[in-house]
Each structure stands twice: as C-alpha cells, then as structure tokens.
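Worksheet for the structure shown next.
Chain A is the first sequence line, chain B the second, and so forth, proteins listed ahead of strands; every chain is numbered from 1.
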Amino acid sequence: MAFETGGGIDVHSLLRAIAEEDDREAYEQIGMLFEQKVPVLRAHAVRRGVPPSDAEDVVRETVADALDKTKLRNLWEKYREKADINAYLHNILRSKISAYKRRSRSVLPYDTVNDTILPNAPVSDGEVSYSISLPSSYENTEYDESHSEAHYQSDQHDSTSRKLSDKEKQLLWDTIRQCLGNDLDWQILWLTAGDDEMDLQQTARMLSISHENARCRYIASRKKLRSCPKFCEVCEKLELICGGNDDA
Amino acid sequence: MRKHLTDEQLQRILAALREPRRVQPATLQAASDSDVELWKIPELRLTVKRRQLSQSQTRFCFTGDELWCDALVQCEWSLYDDTQPSDDILETVHIFFKMPSKDYSGQYMREVDIPKRLQSCPAVARIVPKYADPEIFVTRWQSALVKPSLEELRQWIETHLNDFPPRHRETWLNIPDKLAAES
C-alpha cells in the first residue's frame, strides 16, 4: 500500500491503515517517522530539565509508548484527519518527563549547559536511581494471530533495555551484515540505528542515493531482519528476546 | 517453522544498539592530551583518531580492515552551539576521502587534514558503486569541504567501473571532466 502524497508521507493514511487494517507497512512507516522526531524530542526533554545522559532513555520510552498499536488506534478513532502526531508525541513525552522526575524522587536542579546537577540540589538520602523501566505497553506485546509465522511471544522478559557490551553489539552488527547480505543495506541500518542517529534523508546523502531508495531499502531490510532465523537466534542467545513458540 | 520478530522487538533491539560510543585516550602518553581522541568502531571495522592541529585545523586518521580497501568514503560532522542546551544543529561539514588500495599489515589507513575545528567522531559511509546515484554524488562532492583530487576520483571510478550499473557507467566516467569544467 502506498502512503505518500505529493507532499510526502500521508500520516492520516498511515494511522487509518494501522487502526482499520492493522497494516504492517504502515506501522513500520510510522515507526520511521517517529524515529525522525527523536532529535527534536530529545532536545525538548533536555530543555525540560532531563540530563542529556538520560534524555535518550526518556525519548526511547516515549517513542516505544507512542508506537503502541492501541494508542495509535485510539488516536485515529478520536481525531481522524485532525490527528496531530507532533502533539501526540509531545503529550507522551510530557508524561514521560513527569514520570522520570517522580522516579528521581525529587526534581534535581539541572545545569543543562554543563551536564551536571547543581551543587545545592536536594538529593535524598537513599540512592537516586535514574534507571528507566520499559513502558508497560511494551511489556506485553500481543501475538499477532493473523500472521502465519510464529512470533516470539511474551515480551515480559525482554531485556533489550539492558546495556549491550561492545562485543555483543559487534556480534549483532555482524549478524545483521550476514542476514542482509548487502553492504548498502547494512550501512543504511547502521547509520539510522547506530549512535550517529541519522534520519533517512541524511543517510541517503551520506551514501549518495535518493531518499526514496533509502526509505524503501530501510523498510525491506527491517522486514528481512525480522524473519532472519540467524538474527533471531543471536537475539535469543543474547537474551534480548524470549524463545520463540512453534505453533506449526 | 520459522521464527519471527515483531516490529516492536526489532525496534527495541535497534534502540539498544544505539548507545553513544565511548571515546578512548589515543595512547597512554596522550591520555593527558585532550587534543587527541580515539574512537574504536568495531562494527564498522574502523578506528578514527582525531588530533587538533590548531584552532582551525583538525587531523583525522582513519584505519580499517580489508572492508575499506580502496573505498571512497564520505564523512559528516554535525556542529552544535555549545552555549545552548538544545540539540539544534548549527552547521554540518562533510568531506570525501579515498582509502588506499595497498595495506600495511592488513590495515588500510588515511590521514585527512580539515581546515575546521571538529571535535566529534564523524558519521562515516562508504560509497557503494552499484547503488550510488551520480547526480546526488556530484552535488555532495561539489559541496564537500575536503575531497580527493579529480584524478584520484577518475582512477577510483575506472577501477570500479564494472561495479556501477551499466546504464550509469558512461555518466560516472564523465563526472571528473564535468567537475573540472565546473570548477
């Protein structure tokens, strides 16, 4: 299904397709769209007093929460063509920032310029933990019964939030390289998912390819990865996901 | 029976891979020298070393394995306003360089001097001849702050000619002359 109009991606068509047809491609496209908003959201979180070192986690939570299909369906059903994804993302971000501050027990005066907590900050006696738990909407991903292939079910024990070691990251990237079998596709994924955090337009420029080509290849690569047995196996081995269910 | 990841799972795995890479002191001797930094990017099989030569001159040294043999590489830096807490990009700088085709103990290395104060590790990408769009390439090449000579570019294109799609080969071969005429 095509979701583009002359002016770019038609967000309302994506939302409608997700809400009414549970369209996978539309869901992936909205995921990409949200990814492109990450730098803006992160800057906003920092402006709202979240330390830069934690802003990424807060934004990751926001994007993960925003991608909840039930929430996306509700957004479409409530607002239809008036749905505004920027407002939607910022509302979720606002609540995540509040939750972050609550978790920090006290709101620490934060020097955003020097990336430090100000010296007279009222730190509580106990340990102030900044660790971010995964959003509840992501802790229980539903099994898509309409799909003929077995999915990994029960994300309750997913541990993707943990820090990956350099060796684990290298193993994953090497596996991605094997699964994709194409240097261009690997580079697209690396540039967009790696710590350079490029959007697809920047990625396309870096590789001297068109934005449309980068977008199509990005979507195809993600599809390929999701169904790559080797990649699933490595993710399982690293305990990033739980074991799959064979329902054949 | 095939196993299959959900969109959400893949999203989370990719997010977990997105962690800022740590900067390491270039050497023990240089550990106290804040003007030298080293980034190891194992997944890219590349090491990037930065040395501040002066207030307006930075040297980057790129070292990679056989994956980088004779690669035409594009790097980009995003420059931020250090006085502001926001992540708004002030300016981007990009360059091209060509890795050598001869190795030294299995490593390919290139030093590039850039007339700019650059303090971060750049985004790095290899141009893939099979898919590169000649028009987009020319535009990027023209606006690059530093780039190889047109003769080096011509040699690279001729060496990799069979890797370009047949319909684009003529266009690629003409690029150095076109760039020379426009400069």
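- Annotation: residues 130-139 of chain B contacts chain A through B:Tyr131, B:Ala132, B:Asp133, B:Ile136, B:Phe137 [non-hydrogen atoms, separation under 4.5 Å].
- Rounding to the nearest 0.5 Å gives a distance of 4.0 Å between NE2 of B:His4 and CZ of A:Arg226.
- Most heavy-atom pairs under 4.5 Å with chain B: of the set A:Met206, A:Lys223, A:Arg217, A:Glu28, this distinction falls to A:Met206.
- Residues B:Val124 and A:Trp190 fail the side-chain proximity criterion, which asks for heavy atoms closer than 4.5 Å.
- Within 6.0 Å of CD in B:Glu182 there are more than 12 heavy atoms belonging to other residues, nucleotides or ligands.
- Side-chain contact between B:Leu5 and A:Leu225 is absent, with no heavy-atom pair separated by less than 4.5 Å.
- For A:Glu35, the salt bridge (charged side-chain N to carboxylate O under 4.0 Å, His left out) criterion is met by A:Arg60, B:Arg18, not counting sequence neighbours.
- Between atom CG of residue A:Leu67 and atom CZ of residue B:Arg12 there is a gap of 12.0 Å, rounded to the nearest 0.5 Å.
- Applying the side chain to side chain donor-acceptor pair (under 3.5 Å) definition to pairs two or more places apart or across chains, those involving residues 107-116 of chain B are B:Arg59-B:Asp113, B:Glu91-B:Lys116.
- Atom CD of residue A:Glu25 and atom CG of residue B:Asp7 lie 11.5 Å apart, to the nearest 0.5 angstrom.
- Between A:Leu172 and B:Leu17 there is a side-chain heavy-atom pair separated by less than 4.5 Å.
- Between the side chains of A:Arg222 and B:Gln11, at least one donor N or O sits under 3.5 Å from an acceptor N or O.
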For residues 60-71 of chain B, which side-chain donor-acceptor pairs fall under 3.5 Å, sequence neighbours excluded?
from    : atom 1 : to       : atom 2 : distance (Å)
B:Asp65 : OD1    : B:Leu67  : N      : 2.9
B:Trp68 : NE1    : B:Leu44  : O      : 2.9
B:Trp68 : NE1    : B:Arg45  : O      : 3.2
B:Asp70 : OD1    : B:Lys98  : NZ     : 2.6
B:Asp70 : OD2    : B:His160 : NE2    : 2.8

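- The line from CZ of B:Arg126 to CD of A:Gln187 is 4.5 Å long, rounded to the nearest 0.5 Å.
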